[in-house]
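Below, read A as the first sequence line, B as the second, and so on, with proteins coming before strands; counting in each chain starts at 1.
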There are 2 protein chains.
Amino acid sequence: MSDLPLLGYALLALIDQKPSSGYDLRKAFAETAMGNYSSSPGAIYPALERLEAQRLVRGVVSKSAGLRRRRLYYLTLRGKAELKKWLARPLEEIDLMRGAGEAMLRFAFMDRALGATYTRVFLRNFRDALKAYIAGLDSYLAQNATRMPLPGRLALECGIRGYRSMYDWTAYALRAYRQQPTKPHSAVRKSKPGDSR
Amino acid sequence: MSDLPLLGYALLALIDQKPSSGYDLRKAFAETAMGNYSSSPGAIYPALERLEAQRLVRGVVSKSAGLRRRRLYYLTLRGKAELKKWLARPLEEIDLMRGAGEAMLRFAFMDRALGATYTRVFLRNFRDALKAYIAGLDSYLAQNATRMPLPGRLALECGIRGYRSMYDWTAYALRAYRQQPTKPHSAVRKSKPGDSR
DNA sequence: TCCACCATGTAACTGGTTACATGATTAC
DNA sequence: GTAATCATGTAACCAGTTACATGGTGGA
């Protein structure tokens, strides 16, 4: 069973936090600062169907409280496993090459599913990968700066600065995680049908 | 005639710099630090066909120099106009919401097609848009920080830091553009058949 | 001769976009 | 009653991905 599209993992992660309907998930994308994702019904509902076809989630209609019928999705054990597998993946250089969106998404949901200790390890790996990647970009720049046109050089420098700011952020995030006591991680909590909303 | 996909504009901009074959363009994406774009033949060749169908580029086979036949693409007047229209578009907040990739792409090719003076204006607009956008993110963070889970808050802060580094970069880029004398801009130069490679 | 690279293309699949359709419930 | 919002879905379209196919050319 191969990779899911990013949206699929984002959905798994959100459903892991709380069993949700398609509408809930759309709101989550539209309202929170997770702006990156689609939130259009034409993306969410088919994606949920695909996840269900792969038995990563299961949707059950809930007619509670006089509302219109909503189909609440729950993670299956397979789904939980798939989510963890994704979160626990080693961080490759390629995860940085087109921006660190996927890495950040993983970070955002990692604590809950894998615990603070693992998250700290991830942050350190992230920091090291960024350091290496920045070094590569720097040497590319040093070798080509003179023969590059000014706007191209500046655009590259903008990218490098962006990665540098992310590198600084990893240190900041690690500090925040050190201050925060390592509480027993919540991955133990199983979401069962019944704790609706 | 509506928007092209980003890849289309990237191709127009590269072809504007130098008439190129599909292979040249693939190399440009694969080798230079423009890593963001596809470079796969299944993306480039169909995209070129679409551009040609819209009469934005014209491909002519060139059998020069004993090499295998290559189809060199040139910008048409329509293509030149479309490129400029895209480059000259006002910068909206939405151009920042999912990362500034398109804005940076425009910047990278703007000088050549619209001149240094316009590029300076663009950079100032970019700076101001970033400032406003960062202010919005900051106030969102201030209002929600306490009720956000730690990883979510940190992820948002990472994003804010990234935009801030871009803001700093605009100042840096403007300085670079001020030092550089405003030479008569190269948009005058027309690429004609004959300066092949 | 054979390999590496130049160069172009095609086909099947995938998933996301926009736009539309539908209907239930709540608040005024 | 009617407007806003909750809630789910569908269809047509579009472009990008992977994988494959093909053949020319130059150098070992």
Side-chain angles (χ1 to χ4, degrees), chain A residues 1-12 19-31 34-54 56-57 59-73 94 97-98 101-102 196-197, chain B residues 1-12 19-31 34-54 56-57 59-73 94 97-98 101-102 196-197:
Chain A
M1 188 64 56
S2 57
D3 279 356
L4 300 173
L6 250 204
L7 176 61
Y9 290 114
L11 292 173
L12 289 185
S20 307
S21 66
Y23 193 74
D24 293 335
L25 295 162
R26 287 184 60 199
K27 270 193 305 180
F29 289 131
E31 288 170 7
M34 299 191 49
N36 327 8
Y37 297 97
S38 37
S39 96
S40 77
I44 303 289
Y45 291 106
L48 287 169
E49 283 166 21
R50 287 192 294 270
L51 292 176
E52 188 159 32
Q54 296 178 267
L56 300 173
V57 302
V60 305
V61 280
S62 117
K63 301 201 67 172
S64 58
L67 290 159
R68 191 199 162 182
R69 87 172 200 282
R70 351 184 306 129
R71 182 179 298 270
L72 270 191
Y73 287 94
I94 198 173
M97 286 184 52
R98 300 192 184 192
E102 178 164 357
S196 63
R197 267 207 106 90
Chain B
M1 189 64 58
S2 59
D3 279 356
L4 300 172
L6 249 203
L7 176 61
Y9 290 114
L11 292 173
L12 288 185
S20 307
S21 67
Y23 193 74
D24 293 335
L25 295 161
R26 288 184 59 199
K27 269 192 306 178
F29 290 130
E31 289 170 7
M34 300 191 46
N36 328 9
Y37 298 96
S38 37
S39 95
S40 77
I44 302 289
Y45 291 106
L48 286 170
E49 282 165 21
R50 286 193 295 271
L51 293 176
E52 187 160 32
Q54 296 178 266
L56 300 173
V57 303
V60 304
V61 281
S62 116
K63 304 200 64 169
S64 58
L67 291 159
R68 193 202 160 178
R69 86 171 201 283
R70 346 184 312 127
R71 183 178 297 270
L72 271 189
Y73 286 95
I94 200 173
M97 286 184 53
R98 299 189 185 195
E102 178 165 357
S196 62
R197 268 206 103 89

Q. Of the candidate nucleotides D:dT8, C:dT10, C:dT8, which contains the atom at the shortest distance from the side chain of A:Arg71?
A. D:dT8
Q. If an axis is fit to five pairs at each end of the helix from C:dT1-D:dA28 to C:dC28-D:dG1, what is the angle between the two, to the nearest 10°?
A. 10°
**Q.** Atom pair distance, as rounded to whole Å: CG in A:Leu11 and P in D:dT8
**A.** 13 Å
**Q.** Test side chain to side chain contact (heavy atoms under 4.5 Å, CB included) applied to A:Pro41 - qualifying residues, sequence neighbours left out
**A.** A:Arg26, A:Tyr45
**Q.** Options C:dA7, D:dT10, D:dT8, nucleotide nearest the side-chain atoms of A:Glu49
**A.** D:dT10
**Q.** Residues in side chain to side chain contact (heavy atoms under 4.5 Å, CB included) contact with A:Glu49, at least two apart in sequence or another chain
**A.** none
Q) Does any non-hydrogen side-chain atom of B:Leu4 lie less than 4.5 Å from one of B:Leu51? A) yes
Q.
Restricting to side chain to side chain contact (heavy atoms under 4.5 Å, CB included), what partner residues turn up for A:Ala28, sequence neighbours left out?
A. A:Leu14
**Q.** Close side-chain approach of A:Leu56 to A:Tyr73, heavy-atom, < 4.5 Å
**A.** no
Q: Examine C:dG9: is either OP1 or OP2 under 4.0 Å from a nitrogen or oxygen in the side chain of B:Tyr45? Give yes or no.
A: no
Q) Is there a donor-acceptor pair under 3.5 Å between the side chain of A:Glu102 and the backbone N or O of A:Leu6? A) no
(Q) Treating primed atoms plus P, OP1 and OP2 as sugar-phosphate and everything else as base, which nucleotides of nucleotides 11-20 of chain C get B, S or - for protein heavy atoms under 4.0 Å? (A) ----SSBB--
(Q) Donor-acceptor check, side chain of A:Tyr37 to backbone of A:Leu7, threshold 3.5 angstrom: yes or no? (A) no
